[in-house]
Amino acid sequence: MDTQHPLLASLNPKQQQAVGADERNMLVLAGAGSGKTRVLVHRIAYLLQHEQLSPFSILAVTFTNKAAAEMRGRIEQLIGSSTRAMWIGTFHGLAHRLLRAHYLEVGLPQSFQILDSDDQLRMVKRIIKDMNLDEKRWPPKQAMWYINAKKDEGLRPHHIDGYDLTEQTLKAIYDAYQVACDRAGLVDFAELLLRAYELLRNNRFVREHYQRRFRHILVDEFQDTNAIQYAWIKLLSGVGVPDVDPADRNYVTIVGDDDQSIYGWRGARVENIQQFIKDYDDVLTIRLEQNYRSTDVILRAANQVIANNNDRLGKELWTEADGGELIDLYTAFNELDEARYIAGQIERWHEHGNALQDVAILYRSNAQSRVLEEAMLHARIPYRIYGGLRFFDRQEVKDALAYLRLISNRDDDAAFERAHNTPARGIGNTTLQKIRDHARNEQISLWQSAKQLIQDKVLNGRASNAVQAFLDLITGLEDETSEYSLGRQTDTVIKRSGLMAMYESEKGEKAQTRVENLKELVSACDNFDSFDDHEEDLPPLQAFLAHAALESGETQADQHQDAVQMMTLHSAKGLEFPLVFMTGVEEGMFPSQQSMDEAGRLEEERRLAYVGMTRAMQKLVITYAEQRRVYGQDMLHRASRFIGEMPSDALNPIRMGRVARSSENSQPAMGRFHSGASHETFQQTGFSLGQRVRHVKFGEGTVLNYEGSGPQSRIQVNFDEVGAKWLVVAYARLERC
DNA sequence: TAGGTATTTATTTTT
DNA sequence: TAAATACCTA
C-alpha cells in the first residue's frame, strides 16, 4: 500500500488499511469517535482517484439525511468536484428514487405519495373502524406496529398464516390497509423499502441494470439495518442471487459498531454484521479503536461498562492522550436537587468562559426533560431541546400539504380525509361517511366516490353543494396554479383554501405561530430546489412533497444562540460535547424498568450507557436521584448497575449537594425541602430532626429532613451504612434508638 | 360540532 | 402527575 498517497498520509495505520485496501468486501468496526465518517469519505475518494473508478459506480447508504448530507459535503470537499453522479442517500431516499424510476414495474401510479407515520396511523384507524372492530381490543397503534414489523421482515399478508384470532385479525387489518393504500397511491415508509426490494427481486432486468452499475456499495451504521435493508443490499450486490456469476458480484463495505446498537426495539438486527461475514466472500475486517474524542478516564470507564455485555465482536477504545478529569458522580436527594446541581455546574462552566453550546444534558426518556428545563429557566441558562415536533409534522403544515397532495393526486385518500373539511365547509361526518361507504363498496377513491354521489344525486342538496364546492376548489386550484412557481402555488393554495384565514381568525400565541409556519412553508417552497434532492426528473410539486415526507426538517430552534443542548440518549448518538451530563442513572430509569424483564434488552440499555458516556470529550458528569417522582408517584431509587460497573478510581463521588450549594446561596441541606410542612405535623409522626432511628433493612441513621403531612409524610434518614434515603413514614416502620 | 368531563396510560426514533 | 384520548352533552 502506498502510504504516501495524499489521501492516506493524514490517517492512522488502521484507517490507512481500510481506505487503501484493494477492491474487496470489507467490515469496518468503528468505535465511537474513531473517525468513521472520515474513513468512509476517504475510502470513496480513494476508489475514485487511485482505482480510477467512475463516480457512477458508487452507492453509499446512510440512515439519516443529516449523515447523507454530511458525507456528500465532505467528499466534495476532499475531491474538489461534484458528487452528483454518485448515489448517496438514506435507505428510504434511495428506495424512493428506485420506485419513482420504475413506478410502472412496481404497479404504482406516477403520482404516488409517501405516507408519514401520522398519516399511516390515521389510515389504520380508519380501516379498523370500517372493519367494525373494537378499537379497545385492536389498538390502531399496535396494528400499525404489526404492519410495519411484518413489512420490515419482508412479509406480505399472504405470507402470514394466522393461526390464532389475534394474528388472523391483524393480518386482515394489514390486508385491508394495503388495499386502501394501493388504491390511493400511497406508500408508507416500510413500504418504500419492501417495494424497492421486491422490484429488484422480481425484475431481473432492473436488478441487473443496477448490479452492473454499482461496483461499490458502502453502508454506514450497519448495526442499525433491519432484515429488509440487509436483503436489499444483498440483492444489489448480487450475493445469494442464484444466476449471478460470482465474478459479477459487487464489493460491499459495511461500517458499524455492535456496541452502539441501540435500535433493536425498532427492528434493527446487530446480527446482520456477523451474517455479513458469512454471506460475503473474503471479508477483510478492520477495527478502528483509536479514539480522538474523549479523555482516557472516560474511555476506561466506558470500556469497562460495555465489557459486561456478551457476544461482542470485541473492541477496546484507546487514546494517545492520557489522564483527564475524573467523572463526577452526583447523588441527588431527588430530581429537583439533581436539576439544580446541574444548573449550578453549568453556571460555573460558563463563568469560566466556556460556551453553553458545548454542554449536553442527556436523559433516558423525554419526560425527564421537564424538571431539567425548569431548572435552566430558573437559572436563566438558555437551552435547546432536541427532538420536538418537526416542521413538516406540524398540523398547519400538514393541512396545507394535504391540498397540494390532492392537486397532485386526486386519489390520495389520506389527503382527502384531512383537507375536505379543514377549514369547516359544511361537509359533516354523515356526508363523509356516505362517501367512505360508497368508496369501499365500489373499490374507488374518496374523490371518485364523492363525484359519483353528486352525480347520482344520493346526497341532499346542501351536502351535495358543499362537496361539489370542495371538488371545484381543488380542480380550480390546479388549473389556476399549474403554471405558477412552487412558492406562488403554495401561497395561492393556502389562501384560496381558507386555511390562512382560518388560522388568522384563531386567537392566541399558538395560532400566531401557525400563521407564521404557513408563511414559512411558502418560503420553504421558494427555496426548494429539486436538484438538491436528486429528484430532478420529477415535477417540482411532486419532488417537494416527497422532500416533505422524507426530510422531516431539522428541529431547528435558534441554532445561533449559545445554548445548552438537551436530548435523549438515543438522539445523542453520533454527536460529541466537551461537557456531558448523563442524568437519571438509576435502576428503573436507566436501565428502564421495561428493559429489565427481557435479557437482551438490558444489554441494549448498557450499549446506550456506552453511547452516552462516549459523547463526552473533556468532562463527564453522571447524576442520579435517590428519590424521584415517576408518573406522579414518589419512588425510591438505587444507583444504576451501570455505575457499579465503572472503575471506582475513575469516579469522583459527590454527595449531599455540597458542591451544588457553592453556587447557590448556601442554605443548609436540612430544611431545603420541607417549606410546606408544619413542625406540628412532623412531630405527630413521632420523630424529630437529628434523632437517631433504626430501620429493619438499612440499619441505624440520623433523621435529616421530612416532607408532607398525614399518612403521606416522608422522612429522610441518613443511614450510617447506606447513606441518605427518603422513606414513607407509614411504611418504614422506623424505631427510635 | 365544539367543548367539557371521565378515563386511560405512561421508553427510546428515523424515514 | 399530566397528557392524550374517548365519551358525552348542550
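We name chains A, B, ... by the order of the sequence lines, and we start the count at 1 in each one.
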Query raised in the report: Tell me: CG of Asn429(A) to P of dC8(C), nearest whole Å?
Result: 16 Å
Query raised in the report: What is the distance, rounded to the nearest whole Å, between atom NZ of Lys141(A) and atom P of dT8(B)?
Result: 17 Å
Requested in this report: In whole angstrom, give the distance that lies between atom CD of Glu335(A) and atom P of dA2(C).
Outcome: 11 Å
Requested in this report: Answer with yes or no after comparing the ring centroid distance for Phe416(A) and Phe470(A) against a 6.0 Å cut-off, counting only values under it.
Outcome: yes
Report task. Could you pull out the closest heavy-atom pair between Ser117(A) and Met144(A), with the gap in Å? Result -> O-SD, 3.8 Å
Report task. Quick one: label Arg607(A) by what it contacts on the DNA or RNA (base, sugar-phosphate, nothing), any heavy atom closer than 4.0 Å. Result -> nothing
Query raised in the report: Which nucleotide in the list dA6(C), dA10(B), dT1(C) gets nearest to the side chain of Tyr631(A)?
Result: dA10(B)
Requested in this report: Determine, for Phe112(A) and Arg100(A), whether the Lys NZ or Arg CZ falls below 6.0 Å from the six-membered ring centre while staying within 45 degrees of the axis.
Outcome: yes
Requested in this report: Please report, rounded to the nearest Å, how far the P atom of dT12(B) is from the OH atom of Tyr610(A).
Outcome: 24 Å
Query raised in the report: Considering residues, nucleotides and ligands other than Arg156(A), do more than 12 of their heavy atoms fall under 6.0 Å from its CZ?
Result: yes
Query - Spacing of the P atoms in dA3(C) and dT12(B) (rounded, Å) - result: 14 Å
Report task. Can you tell me the pairing partner of dC7(C) across any strand shown, Watson-Crick or G-U wobble, with both distances under 3.5 angstrom? Result -> dG4(B)
Query - Side-chain donor/acceptor of Thr431(A) to backbone N/O of Ile427(A), under 3.5 Å - result: no
Query raised in the report: Gln395(A) CD to dA4(C) P: how many Å, rounded?
Result: 13 Å
Query raised in the report: Of the non-hydrogen atoms in Leu401(A) and Ala548(A), which two are nearest, and what is the gap between them?
Result: CD1-CB, 3.9 Å
Query - Nucleotide paired to dT13(B) in any strand shown, Watson-Crick or G-U, under 3.5 Å - result: none
Query raised in the report: How many Å lie between CE on Met635(A) and P on dA10(B), as a whole number?
Result: 15 Å
Taking N or O atoms only and anything under 3.5 Å, show me the protein contacts with nucleotides 13-15 of chain B, one pair per line.
| unit_1 | atom_1 | unit_2 | atom_2 | d |
| --- | --- | --- | --- | --- |
| dT13(B) | OP1 | Thr568(A) | OG1 | 2.6 |
| dT13(B) | OP2 | Asn366(A) | ND2 | 3.4 |
| dT13(B) | O4' | Arg266(A) | NH1 | 3.4 |
| dT13(B) | O2 | Arg266(A) | NH1 | 3.1 |
| dT14(B) | OP2 | Arg390(A) | NH1 | 2.7 |
| dT15(B) | OP1 | Asn65(A) | N | 2.8 |
| dT15(B) | OP1 | Asn65(A) | ND2 | 3.4 |
| dT15(B) | OP2 | Ser552(A) | OG | 3.2 |
| dT15(B) | O2 | His92(A) | NE2 | 3.3 |
| dT15(B) | O4 | Ser117(A) | OG | 2.9 |

Query raised in the report: Nearest nucleotide by nearest heavy atom, which residue falls closer to the 5' end of DNA chain B, Asn421(A) or Pro591(A)?
Result: Asn421(A)
Query raised in the report: Centre of Phe391(A)'s six-membered ring, under 6.0 Å away, within 45 degrees of the axis: is that where NZ or CZ of Arg394(A) sits?
Result: no
Query raised in the report: Tell me: CD of Gln594(A) to P of dA10(B), nearest whole Å?
Result: 9 Å
Query - Between dT1(C) (C1') and Leu336(A) (CG): distance, integer Å - result: 13 Å
Requested in this report: Identify whether any heavy atom of Gln593(A) sits under 4.0 Å from a base atom; if not, whether one sits that close to sugar-phosphate; answer base, sugar-phosphate or nothing.
Outcome: nothing
